[in-house]
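Here's the structure we're looking at; comments come further down.
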Amino acid sequence: MLTCKDFLHELSDYLDQSLDADIRTKLESHISECPNCWVIADTTRKTIQIYKGMDPYPVPADVQSRLMQALERKIAAKQKE
Amino acid sequence: MKNRPMTAPSLAEADEATLVAQSREGDGRAFGELVRRYESKIFRLAQHVTQNREDAEDVLQETFLKAYEHLDQFQGAAKFYTWIVRIAVNQALMKLRRRRTDRSVSLDEAIDTGEDTIVREVAAWDENPEQRFSRAEFGQILDEAIQGLEPPYRSVFVLRDIDELSTEETADALDLSIPAVKSRLLRARLQLREKLTRHFKRKGDDAFAYL
Ligand SMILES: [Zn+2]
């Protein structure tokens with residue numbers, strides 16, 4: 001029988017769906033009988049989903065213009081070589 | 001002259017390999033398009049790793065300058081983004097180390113001791129936890145939870161779960177083994193889950209078990 005510790009150890013791969021069918025079946029039968037692990041798996045899955053949906057921060061205009069100016073200088077210097 | 005020249009549609013649609021090849025030949029506009037595609041992701045990564053706005057701005061700039069300078073070292077086998085992520089992570093860690101040594105804290109310091117997985121609080125969440133908060137509050141909860149992670153976990157989590165790099169790409173970008181990426185990711189996810197549970201758990205539903 002799989003322990004809760006075994007389950008947690010495999011949790012990441014389980015949520016990423018990167019496990020072989022037989023170990024997956026064992027994990028699924030564990031959470032069907034273990035409410036704790038079910039909640040942990042469910043809330044961890046939600047945690048991952050929430051962060052996946054985050055948009056990148058836009059680069060502020062002043063930061064971007066400094067970046068572009070620095071690049072232009074770099075490119076000009078490289079072309080002179 | 002404007003800082004962001006209008007990009008011709010052909011540039012915006014060009015595939016990455018073409019843009020890299022053109023940049024190598026000194027085409028600044030092609031390289032500008034690569035910057036445009038990835039700057040906000042690199043900026044986010046830099047902010048998460050350095051946790052300092054000024055450092056993140058430096059990292060953003062240094063990353064693209066270094067990338068341009070060393071473009072001939074880029075092996076076409078990897079994705080361009082993975083390659084610049086590696087540069088960005090190195091720059092960010094350097095900043096972090098510089099700041100941290102001032103306070104004599106080690107970068108690789110880990111908070112838990114060998115135990116793979118520590119779970120203290122188990123409670124189901126509200127169906128739609130974001131509805132309980134304003135957009136700004138919700139965003140702040142997410143940001144603070146990430147900031148509470150130790151740097152080794154934080155960078156793995158950001159690359160794997162926010163930037164959605166593969167385990168292999170993350171290992172490559174951070175110079176870690178695949179098992180190290182996996183174990184750090186698991187800990188990061190469990191720690192974040194725990195931090196978020198404090199905010200998102202169903203009202204009146206207290207921890208009902210300890211493992
Ligand atoms: Zn269990």
Side-chain angles (χ1 to χ4, degrees), chain A residues 2-19 27 30-31 33-81, chain B residues 1 3-4 23 26-28 31-32 35-36 39-45 47 56-57 60-62 64-65 68-69 116-119 122-125 129-130 138-139 142-143 145-146 157-158 160-164 167 182-183 185-186 189-190 192-197 200-201 208-211:
Chain A
L2 215 66
T3 65
C4 294
K5 212 177 158 183
D6 297 333
F7 179 82
L8 284 182
H9 196 73
E10 305 291 342
L11 179 63
S12 259
D13 286 332
Y14 174 67
L15 295 176
D16 292 340
Q17 312 200 330
S18 58
L19 290 171
L27 296 171
H30 180 87
I31 45 172
E33 285 159 19
C34 178
N36 276 345
C37 287
W38 186 87
V39 168
I40 292 167
D42 183 60
T43 51
T44 307
R45 179 186 293 117
K46 287 174 176 161
T47 298
I48 298 166
Q49 269 169 5
I50 284 175
Y51 280 105
K52 279 215 167 101
M54 276 176 96
D55 287 328
Y57 317 137
V59 178
D62 60 319
V63 177
Q64 191 179 51
S65 94
R66 278 201 296 278
L67 169 61
M68 287 306 179
Q69 279 163 11
L71 273 173
E72 275 167 25
R73 281 196 300 272
K74 185 104 198 168
I75 291 167
K78 207 171 178 178
Q79 277 164 350
K80 270 183 210 150
E81 276 169 15
Chain B
M1 197 184 95
N3 291 314
R4 283 186 75 178
S23 304
D27 185 342
F31 193 72
V35 172
R36 198 190 59 76
E39 61 182 359
S40 57
K41 286 172 105 180
I42 294 292
F43 192 46
R44 174 174 64 188
L45 171 67
Q47 293 194 69
E57 290 177 11
L60 175 71
Q61 185 156 325
E62 287 160 8
F64 285 107
L65 290 177
Y68 189 78
E69 194 173 341
D116 239 346
T117 46
I118 297 175
V119 175
V122 183
W125 289 5
E130 66 279 1
F138 191 71
L142 301 186
D143 279 347
I146 291 201
F157 182 80
V158 171
R160 277 288 281 113
D161 281 347
I162 299 184
D163 272 352
E164 301 188 52
T167 303
K182 288 189 161 196
S183 82
L185 180 66
L186 175 63
R189 285 170 165 181
L190 287 173
L192 287 172
R193 184 206 72 86
E194 191 131 341
K195 289 172 202 291
L196 296 188
T197 294
F200 299 163
K201 71 180 168 197
F208 56 78
Y210 290 86
L211 294 182

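Protein chains get the first letters and strands the later ones, always in sequence-line order, with residue 1 at the start of each.
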*By a 4.5 Å heavy-atom criterion (distance strictly below it), what part of A:Val63 contacts chain B: side chain, backbone, both, or neither?*
side chain
Within the structure provided, determine whether [X] and [Y] are in side-chain contact (heavy-atom separation under 4.5 Å).
{"X": "A:Thr47", "Y": "B:Phe200", "answer": "no"}
{"X": "B:Lys201", "Y": "A:Val39", "answer": "no"}
{"X": "B:Phe43", "Y": "A:Leu67", "answer": "no"}
{"X": "A:Met68", "Y": "B:Val35", "answer": "yes"}

_A:Tyr51 side-chain N/O to B:Leu142 backbone N/O, donor-acceptor pair under 3.5 Å_ = yes
_Partner residues of A:Arg45 under the side-chain contact (heavy atoms from CB on, under 4.5 Å) criterion, sequence neighbours left out_ =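 For A:Arg45 the side-chain contact (heavy atoms from CB on, under 4.5 Å) partners, ignoring immediate neighbours, are A:Tyr14, A:Leu15, A:Asp42, A:Gln49.
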*Considering all heavy atoms of both residues, which atom of A:Ser12 and which atom of B:Leu186 are nearest to each other, and what is their separation?*
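Here A:Ser12 and B:Leu186 meet closest at OG-CA, 3.6 Å.
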*Compare every heavy atom of A:Leu71 with every heavy atom of B:Phe64, then report the nearest pair and how far apart it is.*
O-CD2, 4.0 Å
Using non-hydrogen atoms and a 4.5 Å limit, figure out which bit of [X] sits close to chain A: side chain, backbone, both or neither.
{"X": "B:Leu192", "answer": "both"}
{"X": "B:Leu45", "answer": "neither"}
{"X": "B:Gln61", "answer": "both"}
{"X": "B:Glu130", "answer": "neither"}

*For residues A:Thr43 and B:Arg193, is any side-chain donor paired with an opposing acceptor at under 3.5 Å?*
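Yes - a donor-acceptor pair under 3.5 Å links their side chains.
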*Could you tell me the separation between the CZ atom of A:Arg73 and the CG atom of B:Leu65, rounded to the nearest 0.5 Å?*
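Answer rounded to 0.5 Å: 8.5 Å.
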*asked:* Please report the interatomic distance NZ(A:Lys46) to OG1(B:Thr197), rounded to the nearest 0.5 Å.
replied: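 Going from NZ on A:Lys46 over to OG1 on B:Thr197, the span is 10.0 Å.
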_Looking at A:Asp16 and B:Arg189, is any side-chain nitrogen of the basic one under 4.0 Å from a carboxylate oxygen of the acidic one?_
yes
